[in-house]
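Take a look at the structure below.
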Amino acid sequence: MFVRKRRNKSGSTSVVVIDKSSGKPKELVCIGISTDPQEIDNFVNKGKDWILHHVGQAVLDFDGIGESFARVDEMLDSIESAVINGTQLILNKVYDMVGFGAISDNVLRNLVIARICQPGSKMATAAYLKAYYKEDLNHWQIYRYMDKLYNTQQEAVQKVSVAHTMRVLGGNIGLMFYDVTSLYFETPARDELRQPGFSKDGKTSESQIILGLLVSAGGYPLSYAVFNGSQYEGRTMIPIIDDFKQRFALKDFVVVADSGLMSKTNVRLLKEANYKYIIGARLRNESETVKDWVLSLDKADGRIYERHYDKKERLIVGYSAKRAAKEAHNREQGVEKLRKRYATGSLTKDKLNKHGYNKFLENQQGSSSCHQSGQDRHGCTLGWSERLQDQHRPACSDNH
């Protein structure tokens with residue numbers, strides 16, 4: 001609570017007591033209204049007295065209390081700046097608990113904390129650390145540290161991360177999820193790493209790199225690798241898994257990946273290495289017998305079906321009503337966009353492929369025609385979107 005002097009339109013001044021404990025100013029009591037400066041000062045003193053003796057607050061009369069207040073005021077007046085580092089104090093504890101404190105580098109600590117509190121560019125990170133924690137670290141130092149982190153500290157950081165993940169998961173990794181993405185640069189310049197390739201961001205004119213990431217159940221990072229931008233993503237999985245297994249002497253784990261990584265070569269290599277795996281399957285790659293079986297299944301939400309290929313491999317199919325509704329909505333939006341573009345005469349093959357509209361089309365006698373089959377004839381399960389008439393698909397295939 002505090003006392004406020006409020007100027008009125010009539011020229012007078014109101015002295016009121018304000019409470020802001022709820023976040024919004026609330027007037028508790030008006031002490032008085034006057035145009036006389038001396039009387040206004042008297043009202044202010046009465047307001048302060050009102051605060052001290054009301055709403056549960058009281059004055060404890062100790063000897064020398066006035067001198068104590070004077071010293072407190074003097075101390076507060078001498079403060080030139082304040083550091084808002086509560087989050088830093090908490091995250092420093094967490095940082096050390098995870099085990100990163102063993103890496104004697106304060107730059108890494110500051111970058112990790114800044115990334116959690118306020119993610120931003122290198123320049124924005126330097127400004128944040130300076131403003132809130134008084135850490136004198138400029139963006140050029142951060143750029144140089146990135147090289148140091150990659151060249152000399154990457155292994156140490158990963159060992160700490162994996163050891164923490166193992167503790168959290170009770171000493172067993174269990175599931176290892178692998179996926180890849182492309183990261184583009186705002187330049188067509190190329191080198192050994194930056195190369196043109198299939199861009200998941202649709203940036204076909206920019207150079208890019210391929211990033212492969214291995215995580216555990218719960219999303220804990222395990223390992224990563226960077227490949228040149230022209231690398232086919234299917235060839236990135238096995239090297240990362242082999243390397244990770246050897247470095248950390250893993251024995252019992254299951255590799256999980258999506259259908260984009262399900263090439264015959266990958267499956268063969270997984271089998272040869274005796275890895276357990278679960279990989280997303282594509283209905284269009286299955287035999288007609290399997291397709292008929294999948295499409296004949298009862299679409300019950302959460303229901304799981306199995307079909308064995310042999311003693312080691314089986315096909316697992318699941319249905320999700322929520323996913324089916326989402327896919328149906330996406331199809332409706334896609335078809336509506338197609339109709340609008342077709343009406344304007346701006347529908348070209350390039351736009352169809354770039355925006356993924358081609359999955360809503362069927363080639364009939366050499367020409368593409370847009371059509372929408374039964375809207376919910378086959379509900380979506382897990383994975384990807386195919387032609388509208390093939391919406392009930394396998395969720396995954398595995399060998400364990």
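Shown here for N8 and S14, the closest heavy-atom pair between the two residues is ND2-OG, 2.9 Å. Across all non-hydrogen atoms, the minimal contact from A217 to L169 is O-CD2, 4.1 Å. For the pair G99 and V160, the tightest heavy-atom approach, listed with the atom from each and the gap, is C-CG1, 3.5 Å. Pairing each heavy atom of Y128 with each of C117, the nearest pair is OH-CB, 3.1 Å. Of all the heavy atoms in S161 and P221, the pair that sits closest is OG-O, 3.2 Å. Scanning both residues, L315 and A281, for their nearest heavy atoms gives CD1-CB, 4.1 Å.
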Item to check | Derivation of the side-chain contact (heavy atoms from CB on, under 4.5 Å) call for Y133 and T87 | outcome: CA-CA 10 Å; Y133 307 144; T87 53; 2.8 Å; yes
Next on the checklist: side-chain contact (heavy atoms from CB on, under 4.5 Å) for I279 and L270? Distances and angles first, verdict last.
Outcome noted: CA-CA 11 Å; I279 301 183; L270 287 169; 3.4 Å; yes
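Ion pairing between D96 and R109 holds under the 4.0 Å rule for side-chain N and carboxylate O. Looking at D301 and K322, no side-chain N of the basic residue comes within less than 4.0 Å of a carboxylate O on the acidic one, giving no salt bridge. Ionic pairing of R331 and E327 is not present here: no N-O contact between side-chain nitrogen and carboxylate oxygen is shorter than 4.0 angstrom. With salt bridges taken as basic N to acidic carboxylate O contacts below 4.0 Å, none links K291 and E286.
When side chains are defined from C-beta on, Y319 does not count as touching L297, because their heavy atoms never get closer than 4.5 Å. Side-chain contact check for L108 versus I103: some heavy-atom pair is nearer than 4.5 Å. Counting only heavy atoms from C-beta outward, the side chains of Y150 and M146 never approach each other to under 4.5 Å. A 4.5 Å side-chain heavy-atom check between K5 and I40 finds at least one atom pair inside the cut-off. Annotation: side chain of V17 is in contact with side chain of I51 (closest heavy-atom distance under 4.5 Å). In this structure, L211 and Y224 have side chains that are in contact, with non-hydrogen atoms separated by less than 4.5 Å. Residues F100 and D105 form no side-chain contact, since every pair of their non-hydrogen atoms from C-beta on lies 4.5 Å or further apart. Counting heavy atoms from C-beta on, the side chains of Y232 and F198 never come closer than 4.5 Å.
More than 12 non-hydrogen atoms from other residues, nucleotides or ligands lie less than 6.0 angstrom from CZ of R307. E155 CD: more than 12 foreign heavy atoms inside a 6.0 Å radius. At most 12 heavy atoms of other shown residues, nucleotides or ligands fall within 6.0 angstrom of atom NE2 in H329. Around the CZ atom of R247, the shell of radius 6.0 Å holds more than 12 heavy atoms that belong to other residues, nucleotides or ligands.
Between the side chain of N151 and the backbone N or O of D147 there is at least one donor-acceptor pair closer than 3.5 Å. The backbone N or O of Q88 sits less than 3.5 Å from a side-chain atom of N92, completing a donor-acceptor pair. Checked by atom type and distance alone, the side chain of S207 never pairs as donor or acceptor with a backbone atom of Q195 at under 3.5 Å. The backbone N or O of N138 sits less than 3.5 Å from a side-chain atom of Q141, completing a donor-acceptor pair. Of the possible donor and acceptor atoms, none in the side chain of R339 sits under 3.5 Å from a partner among the backbone N and O of A343. In this structure, the side chain of R167 engages the main chain of V98 through a donor-acceptor pair within 3.5 Å.
With sequence neighbours excluded, the residues forming a salt bridge (Lys or Arg N to Asp or Glu O under 4.0 Å) with D252 are K276, listed by chain and number. Under the side-chain hydrogen bond (donor to acceptor under 3.5 Å, both in side chains) criterion, R4 pairs with no residue, sequence neighbours left out. Among residues two or more places apart in sequence or in another chain, the salt bridge (Lys or Arg N to Asp or Glu O under 4.0 Å) test is passed with R194 by D191. Taking Y184 as the reference, nothing meets the ring pair (Phe, Tyr, Trp, His ring centres under 6.0 Å) condition, with sequence neighbours excluded. By the side-chain contact (heavy atoms from CB on, under 4.5 Å) test, T344 is found to be paired with S346, residues two or more places apart in sequence or in another chain being considered. For E192, there are no salt bridge (Lys or Arg N to Asp or Glu O under 4.0 Å) partners, not counting sequence neighbours. Contacts of E186 classified as salt bridge (Lys or Arg N to Asp or Glu O under 4.0 Å), with partners at least two apart in sequence or in another chain: none.
One side chain, Y178 or T236, offers a donor N or O that lies under 3.5 Å from an acceptor on the other. S199 and E206 share no side-chain donor-acceptor pair at under 3.5 Å. Side-chain contact annotation: Y277 with E313, donor-acceptor N/O pair under 3.5 Å present.
Rounding to the nearest 0.5 Å places NE2 of H139 at 11.0 Å from NZ of K122. Distance check: S182 OG to I209 CD1 gives 9.5 Å after rounding to the nearest 0.5 Å. Distance CD1/I241 to CG/L269: 10.0 Å, rounded to 0.5 Å. The CG atom of L222 sits 8.0 Å away from atom CD of Q158, with the distance rounded to the nearest 0.5 Å. Taken from CD1 in I113 to CD1 in I90, the straight-line distance is 10.5 Å, to the nearest 0.5 Å. To the nearest 0.5 Å, atoms CD1 (I238) and CG (N266) are separated by 5.0 Å.
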Sequence neighbours left out, cut at 3.5 Å: what donor-acceptor pairs do the side chains of residues 27-35 make with other protein atoms?
| residue | atom | partner | partner atom | Å |
| --- | --- | --- | --- | --- |
| E27 | OE1 | R6 | NH1 | 2.8 |
| S34 | OG | D36 | N | 3.0 |
| S34 | OG | E39 | OE1 | 2.7 |

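Residues F2, I18 make up the rest of the hydrophobic cluster containing V16, defined by ILVMFWY side-chain heavy atoms closer than 4.5 Å, directly or through other members.
For residues 241-267, the ring pair (Phe, Tyr, Trp, His ring centres under 6.0 Å) pairs, not counting sequence neighbours, are F244-F248, F253-Y275. For the salt bridge (Lys or Arg N to Asp or Glu O under 4.0 Å) condition, the pairs that include at least one residue of residues 228-237, sequence neighbours left out, are K200-E233. A salt bridge (Lys or Arg N to Asp or Glu O under 4.0 Å) check over residues 259-268, counting only residues at least two apart or in different chains, returns the pairs R268-E272.
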